[in-house]
Protein chains: 2
Amino acid sequence: MNQRQQEILSLVQQQGFITIETLAQNFNVTPQTIRRDIKSLGDKQLLTRYHGGAGVSSSIENVEYSTRQIMNLEEKQQIAKLTANHIPDRASIFINIGTTTEEIAKALLHHNGLKIITNNLNVAAILRSNPTFEIIIAGGIVRQRDGGITGEATIDFIRQFKVDFGIIGISAIDPDGTLLDFDYHEVRVAQAIIENSRQVFLATDHTKFDRNAMVRLGSIDQIDALFTDLYPTEHIVTLLAENNIDLHTVRSKVAPGHKQSQ
Amino acid sequence: MNQRQQEILSLVQQQGFITIETLAQNFNVTPQTIRRDIKSLGDKQLLTRYHGGAGVSSSIENVEYSTRQIMNLEEKQQIAKLTANHIPDRASIFINIGTTTEEIAKALLHHNGLKIITNNLNVAAILRSNPTFEIIIAGGIVRQRDGGITGEATIDFIRQFKVDFGIIGISAIDPDGTLLDFDYHEVRVAQAIIENSRQVFLATDHTKFDRNAMVRLGSIDQIDALFTDLYPTEHIVTLLAENNIDLHTVRSKVAPGHKQSQ
DNA sequence: ATTTTATTGTTGTAATTTGAAGATAAACGA
DNA sequence: TCGTTTATCTTCAAATTACAACAATAAAAT
């Protein structure tokens with residue numbers, strides 16, 4: 001973020017709303033440049049873009065931004081936006097535990113009429129600010145560290161539903177395509193989500209590709225689409241192609257023979 | 001949604017109803033433009049359209065909740081403290097929806113090793129900050145306005161447990177000892193809590209004694225102790241005595257022949 | 001020194017917003 | 001009930017704003 005963008009941010013926060021014209025004159029640059037600036041800031045959800053200007057971002061979305069430091073936040077927000085773009089209005093979805101999925105919840109706030117079932121207290125809190133949503137929270141034991149809800153009761157609860165999209169995060173992906181996580185309880189819930197979703201979206205940043213975790217969650221062929229920031233290694237790409245899994249990356253680095261979006 | 005629409009929304013929520021003419025003059029645009037705005041907002045169910053203007057959406061009583069939260073806050077905090085004093089460490093408890101019960105959750109934070117089952121998102125969020133607690137949240141549909149969780153699934157979930165204390169709030173108490181509330185769904189949950197608690201604590205401020213509400217929750221003889229701020233009318237006191245219900249008041253106004261604490 | 005990368009301006013085109021005018025529908029008084 | 005008034009809806013044109021592609025420039029890396 002450059003100097004000008006910093007100043008734009010503080011101006012917006014001071015005044016609530018500024019036009020692009022004003023900013024352009026202020027900084028002696030063309031409106032197009034300002035547009036690029038506020039687009040970049042808007043992608044990070046540091047402000048909200050409007051036709052003709054920019055305003056403060058709506059409250060809930062960045063309350064936690066200041067208090068919580070999330071690793072690779074910027075990448076996660078971009079992945080979140082990308083994922084949200086593939087969810088239609090009025091869809092029914094599962095969202096599970098994870099910082100990435102919480103970002104997705106924020107990105108989904110501007111949708112309409114979603115039906116969302118989640119086992120994540122934070123996700124429920126975030127989505128509650130949109131009155132057109134119907135939010136169902138899964139019952140069970142609340143984990144103190146991240147507000148996740150797990151346990152047998154949670155799994156039973158999830159099994160009551162069958163939804164359009166299951167959105168899951170993950171801790172690691174093995175080179176052979178095994179999906180991995182650290183927490184046994186969380187894995188059980190994720191499996192239940194996969195079983196009861198018509199389509200499964202896996203959202204994960206590039207750091208998960210070369211990590212290891214203990215508990216086997218499932219196999220990559222159980223998902224329908226992968227959303228990530230960087231283009232994965234050729235090996236993973238092949239694996240995805242073999243299993244007919246859509247790949248959506250934030251940065252569209254050129255790689256031959258594969259579908260991408262945005 | 002553009003800046004003007006945001007402002008229209010907050011104006012509507014402030015004033016309850018505004019005419020299109022007023023808004024048009026306010027923003028220096030034609031009424032036609034305002035119509036388009038409120039049509040768009042109405043489609044999203046963020047407000048309700050009327051002939052000639054716009055009013056608050058029926059589904060959004062969020063504003064009302066936040067104002068209600070402040071009403072009699074001090075009394076509620078005192079009641080909360082009083083109630084918390086009667087809960088021992090390591091107890092298992094139900095806590096239901098309500099501003100008073102949320103205050104009780106805060107007052108319980110200094111306890112140790114509590115097992116708490118709740119159908120209130122806010123209560124879960126509050127209690128999460130104590131790592132010695134085990135928190136179980138009931139699953140079900142999340143109400144936008146106050147974070148309450150209700151529905152058949154919620155009741156089934158609660159029936160799985162049997163706890164030491166059930167702490168419930170309430171909307172009104174009839175002079176004949178009938179416990180009343182406004183919301184049918186909430187009542188069903190409260191009934192389930194009463195059935196599955198060894199002891200039932202009712203916490204309520206004095207304003208509830210001369211109010212009316214629609215839905216019958218139960219009878220006062222189903223509770224074991226009443227926590228309130230002011231000493232109730234002689235009539236209620238007699239009723240409590242007849243049913244052998246403990247009365248605990250914040251202000252110990254002298255009244256003959258009855259047990260009090262603090 | 002040359003290539004790469006990032007930033008900004010320019011231009012043409014697409015999309016959005018707005019107001020105006022006529023047609024339609026709803027509210028209201030006699 | 002009927003007309004009268006007022007509000008709303010529809011459609012269109014003008015103005016504004018946004019976007020994408022490319023060129024120019026400056027800074028950074030090799």
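Computed over heavy atoms, backbone and side chain alike; hydrogens, waters and symmetry mates excluded. Everything quoted here is computed from the prediction, not taken from an experiment.
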Could you tell me which residues satisfy side-chain hydrogen bond (donor to acceptor under 3.5 Å, both in side chains) with [X], sequence neighbours excluded, listed by chain and number?
| X | result |
| --- | --- |
| B:R143 | B:D146, B:D183, B:E186 |
| A:R49 | none |
| B:K39 | B:D43 |

List in chain and number order the residues that pass side chain to side chain contact (heavy atoms under 4.5 Å, CB included) with [X], two or more places apart in sequence or in another chain; answer none if no residue qualifies.
| X | answer |
| --- | --- |
| B:Q25 | B:E21 |
| A:A213 | A:S171, A:A172, A:L180, A:F182 |
| A:Q5 | A:M1, A:N2, A:D37, A:S40, A:L41 |

Over how many whole Å does the gap from [X] atom [atom1] to [N] atom [atom2] extend?
| X | N | atom1 | atom2 | value |
| --- | --- | --- | --- | --- |
| B:R49 | D:dT8 | CZ | P | 6 Å |
| B:E21 | D:dA7 | CD | P | 7 Å |
| B:R35 | C:dA25 | CZ | C1' | 12 Å |
| A:I8 | C:dT8 | CD1 | C1' | 14 Å |
| A:D43 | D:dA18 | CG | C1' | 14 Å |
| B:I34 | D:dA7 | CD1 | C1' | 15 Å |
| A:Q3 | C:dT7 | CD | P | 14 Å |
| A:I20 | C:dG9 | CD1 | P | 14 Å |

TODO: For B:Y50, enumerate each residue passing the ring-ring contact (aromatic ring centres under 6.0 Å, His included) test, keeping only those at least two apart in sequence or located in another chain.
DONE: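 B:Y50 satisfies ring-ring contact (aromatic ring centres under 6.0 Å, His included) with B:F17 once adjacent residues are dropped.
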Open item on the list: By nearest heavy atom, map A:G53 and B:G52 onto DNA chain D; which one lands nearer the 5' end?
Closed with: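 Looking at the nearest nucleotide for each, B:G52 comes out on the 5' side.
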TODO: Using atom types as modelled and distance alone, determine if a side-chain donor or acceptor of A:Q191 lies under 3.5 Å from a backbone N or O of A:L217.
DONE: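 Between the backbone of A:L217 and the side chain of A:Q191 there is a qualifying donor-acceptor contact (under 3.5 Å).
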Task: Close aromatic pair by centroid cut-off 6.0 Å: A:F201 and A:H248 - done: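 No, they do not, as the ring centres are separated by 6.0 Å or more.
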Task: Five-pair end axes of the helix from C:dA1-D:dT30 to C:dA30-D:dT1 and the angle they enclose, rounded to 10° - done: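 Between the first-five-pair axis and the last-five-pair axis there is 40°.
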Between N or O atoms, less than 3.5 Å apart, protein on one side and nucleotides 16-23 of chain C on the other: list the pairs.
from	atom 1	to	atom 2	distance (Å)
C:dT18	OP1	B:R4	NH1	3.0
C:dT18	OP1	B:R4	NH2	3.1
C:dT18	OP2	B:R4	NH2	2.9
C:dG19	OP2	B:T30	N	3.2
C:dG19	OP2	B:T30	OG1	2.8
C:dG19	OP2	B:T33	OG1	2.2
C:dG19	N7	B:R36	NH2	2.5
C:dG19	O6	B:R36	NH1	3.3

Open item on the list: Need one value for A:F27: base, sugar-phosphate or nothing, where a base atom within 4.0 Å counts as base even if backbone is also close, heavy atoms only.
Closed with: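 The answer is nothing, as A:F27 stays clear of every strand by at least 4.0 Å.
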